[in-house]
There are 4 protein chains.
Amino acid sequence: MSPRRRDSSSTAAARAGRRAELLATAAEVFASRGYAATTVREVADAAGMLGGSLYYHFDSKEAMVDEILSTFLTDMWAAYDRVTGSGLGARETFHALIAESFRMIDRYRPAVVIYQNESKHLAANPRFTYLAESMRRFREMWLSVLDRGVLDGEFRADLDTGLIYRFIRDTVWVAASWYRSDGPLSADEIARQYIVMVLEGITAD
Amino acid sequence: MSPRRRDSSSTAAARAGRRAELLATAAEVFASRGYAATTVREVADAAGMLGGSLYYHFDSKEAMVDEILSTFLTDMWAAYDRVTGSGLGARETFHALIAESFRMIDRYRPAVVIYQNESKHLAANPRFTYLAESMRRFREMWLSVLDRGVLDGEFRADLDTGLIYRFIRDTVWVAASWYRSDGPLSADEIARQYIVMVLEGITAD
Amino acid sequence: MSPRRRDSSSTAAARAGRRAELLATAAEVFASRGYAATTVREVADAAGMLGGSLYYHFDSKEAMVDEILSTFLTDMWAAYDRVTGSGLGARETFHALIAESFRMIDRYRPAVVIYQNESKHLAANPRFTYLAESMRRFREMWLSVLDRGVLDGEFRADLDTGLIYRFIRDTVWVAASWYRSDGPLSADEIARQYIVMVLEGITAD
Amino acid sequence: MSPRRRDSSSTAAARAGRRAELLATAAEVFASRGYAATTVREVADAAGMLGGSLYYHFDSKEAMVDEILSTFLTDMWAAYDRVTGSGLGARETFHALIAESFRMIDRYRPAVVIYQNESKHLAANPRFTYLAESMRRFREMWLSVLDRGVLDGEFRADLDTGLIYRFIRDTVWVAASWYRSDGPLSADEIARQYIVMVLEGITAD
DNA sequence: AATGAATGAGAATTCATTCAT
DNA sequence: CATGAATGAATTCTCATTCAT
């Protein structure tokens, strides 16, 4: 039961563990109530401590979202970079990126929800310039995949790639708002159907 | 108050006009900053008056979003009902509903943004039960269209209609967050390409 | 009884008056309890309002001291500049500067107390760089008077002017901590005796 | 450290030493930041430990200033009593008291700074009644010296002794705020010039 | 002796709302 | 209709203090 057993309670690992635990709790609350509407007290309640106690671990409410989002984005870009760096064709890259995205939703669901709901507002804050930067890279990455696909004749040329990009951008993360890892559909299955839908459409032959 | 004589109808009209004006301003601000994060003072600033003065026109901040959202939803359901009541086939109904939705975005952009970003949180409040009700109807409406389409052989049967429904629900309003009525693509053109994408996919033949 | 009678309550003058009133109250409290140890609530209590209400008038506790100190310093430097610009000899300048200083104590007693007790700590804050600047000017002004006096043979040459300067700097404002305008000694009489003491000493001939 | 047997006397001494060390650090920090504005954490940082650890050594933050001030005052009064009890004339007593004061500044600089800046506020606290008592004795001592000097014809009779007393009270400790034991002027030299200034003034013959 | 993690009271500040004018 | 001034509850954050290890 005791959450610290294996690694001695005084190690840096235990400390990082506690931090991660608290961030997971905070992410959950921010995701469900909205960042601005969530009070520090609510996060603390969820973590089983008093409001002020959180400040032993974090400098501010802002510092919490910051760490939640940057941890997620760092991991996400590592995954995306692995894909785009592996020399696949446009269609395969498309497949792989979507699959990675759903894997991210699986692993970082609350962070993804926060990312989706709050980035626009947070990005105004100098502390979160990396959000704008991440959006820029995301756009570049997808446009490059789409353009290459059109050039190679794999994707239709009669649609505005800018529009397709926006469509993908806006839809790739939305599953985070309803996905449950213990639901009837696995992340991989959702990804598969999503890919079919976007690539082939929902019309019967 | 005191010097309103004769033309009481045009006075009431002017009053309603002012109200609508203020709501439009408020919607704009709520949409761009987020409802919870927007202060009454910010709305008042944007309307060129002092914070307290808004309370001559509205009972509360909540009353403002309420009116913004219910006005939008009333109009939206009138349009949807017109479509679903006109005896079209599944594919045509799909077409018409999507087209209506993009017309709504064109007419009520800020309200749509607020609806999308805040309804989940607002719905907890008894005052906004109509939001949950609207979501329920929306689900029913789309599932009925999709199921009928699968039955009629117009839509693929190998995809989970629940998943398709969610996909549509989550994507139909997102254009509101970037759509500009003076942008390069008209609402109708965006709707057309969106329909193509969802029905036929982005793969070249 | 009503504090606003003569000037209509809606004028800018009345507004500035209220502001000045509140600052006078705040200065009194800061001076007697110490800035850091004073709570905003204490200031508000003394002003007969609730803590939050002060924020209608001022941005922050810091903004209050800021205005208190800068108002005082602006006036003080106007007076000092008048003296140093009037071409008096060293001894007369000395007289006049001391007299002005005691007049300042008479007019701005709480501000002077705050200035004396808190400037060193406040000066670290970028908002209060003008405090350091004021100290620098004060030093320059006095050293120039003292050096000139020594050169002219009016002041003794066997004392370190740097030390005399510090001595004056540290003593000129201290009367603020015990001075009462309704006490037995007037500001002018205190100034006179202070000047005698510093110029001639306390030894009998 | 852990197996401390036998030499319990040197252990107690070591303990007292550590205590004194910590108090010296605390005094330094209180003096430079102001008591109220200093956090326990800042003191602990300066001492190279964590905030909570200080509570092994001291009961409270208050207990720290208390010990700092009372240690200083005890020593100061021992020195003053030695002077006043040695049957000197008024002028010599004056000399000796001033010289002792500067020796105190040399030895207890941070404590003197705290004494000067904080006693008025601390004195309100029952724990620090000895501060008010010390001020009373100080006043009595100086007034007695000054009155005797006027009576003996050594000090001028045309100045208010109450004013002279205040002047001395307010000036005698101020050097503490800028004095550095490694500066160009020794404590004795500063005392000498101070005495000349106060006794003979700064006017050239 | 010292650490790490908390507590809990209270600080500054924010903000929806009220209301006399 | 709108202003200006206030209220009061809630919010973020701070900090002296405690205590098990």
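Below, each value reflects all heavy atoms present in this structure, side chains not excepted, and no hydrogens, waters or symmetry copies. Residue numbers begin at 1 in each chain, while the letters A, B, ... track the order of the sequences. Please read all numbers here as calculations on a predicted model, not as lab measurements.
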Engineer: Between the main-chain N or O of H57(D) and the side-chain N or O of R19(D), is there a donor-acceptor pair closer than 3.5 Å?
Structural biologist: yes
Engineer: Could you check how far CE of M64(A) sits from C1' of dC13(F), rounded to whole Å?
Structural biologist: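 These atoms are roughly 10 Å apart.
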Engineer: How close or far is atom P of dG4(F) from atom CE of M49(B), stated in whole angstroms?
Structural biologist: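 So the two atoms are 13 Å apart, to the nearest Å.
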Engineer: Quick one: which of F72(D), Y35(D), Y130(D) gives a ring-ring contact (aromatic ring centres under 6.0 Å, His included) with Y115(D)?
Structural biologist: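 Among the candidates, only F72(D) passes.
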Engineer: Indicate yes or no for a side-chain donor-acceptor contact from E67(C) to the backbone of M64(C) under 3.5 Å, with no hydrogens or angles considered.
Structural biologist: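 No, the answer is negative, given that no donor and acceptor are paired below the 3.5 Å cut-off.
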Engineer: Does D45(C), at its CG atom, have more than 12 non-hydrogen atoms belonging to other residues, nucleotides or ligands within less than 6.0 Å?
Structural biologist: yes
Engineer: Please confirm whether the backbone N or O of T38(C) pairs with a side-chain atom of K61(C), one donor and one acceptor, at under 3.5 Å?
Structural biologist: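 Yes, K61(C) side chain to T38(C) backbone: donor-acceptor pair under 3.5 Å.
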Engineer: Are R18(D) and dA2(E) close enough that a side-chain N or O sits under 4.0 Å from OP1 or OP2?
Structural biologist: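 The answer is yes; a side-chain N or O of R18(D) sits under 4.0 Å from OP1 or OP2.
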Engineer: For G51(D) and R41(C), find the nucleotide of DNA chain E closest to each by heavy atoms; which residue's nucleotide sits nearer the 5' end?
Structural biologist: G51(D)
Engineer: Can you measure E42(B) atom CD to dT14(E) atom C1' for me and round it to whole angstrom units?
Structural biologist: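 Nearest whole value for this atom pair: 12 Å.
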Engineer: Would you mind reading off the distance between H57(C) atom NE2 and dT14(E) atom C1', rounded to a whole angstrom?
Structural biologist: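 Value for this atom pair: 16 Å.
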Engineer: In whole angstrom, what separates D59(A)'s CG from dT14(F)'s P?
Structural biologist: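 For the pair D59(A) CG and dT14(F) P, the rounded distance is 8 Å.
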Engineer: Could you please name the option among dT17(E), dA11(E), dT7(F) that lies closest to any side-chain atom of K61(B)?
Structural biologist: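 Closest of the options to the side chain of K61(B): dT17(E).
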Engineer: Provide the Watson-Crick or G-U wobble partner of dT21(F), both distances under 3.5 Å; none if there is no partner.
Structural biologist: dA2(E)
Engineer: Considering heavy-atom distances to DNA chain F, does A36(A) or L54(C) have its closest nucleotide positioned more toward the 5' end?
Structural biologist: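 This one resolves to L54(C).
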Engineer: Which whole-number value in Å describes the distance from L50(B) CG to dT18(E) C1'?
Structural biologist: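 Spelled out: CG on L50(B) to C1' on dT18(E) is 14 Å.
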Engineer: With respect to the side chain of T39(A), which nucleotide from dT3(F), dT11(F), dA2(E) is positioned closest?
Structural biologist: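 The listed nucleotide nearest to T39(A)'s side chain is dT11(F).
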Engineer: Take the protein atom OH of Y55(A) and the nucleotide atom P of dG8(E), then report the distance between them rounded to whole Å.
Structural biologist: 18 Å
Engineer: S60(B) has a side chain; which of dT17(E), dA2(F), dT13(E) sits nearest to it?
Structural biologist: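 For the S60(B) side chain, the nearest candidate turns out to be dT17(E).
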Engineer: Without decimals, in angstroms, what is the distance between F58(C) CZ and dA12(E) P?
Structural biologist: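 Going from F58(C) (CZ) to dA12(E) (P), I get 15 Å.
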Engineer: Which nucleotide, dA6(E), dT17(E), dT17(F), lies nearest any side-chain atom of Y56(A)?
Structural biologist: dA6(E)
Engineer: Taking any heavy-atom pair under 4.0 Å as a contact, classify S53(C): base, sugar-phosphate, or nothing.
Structural biologist: base
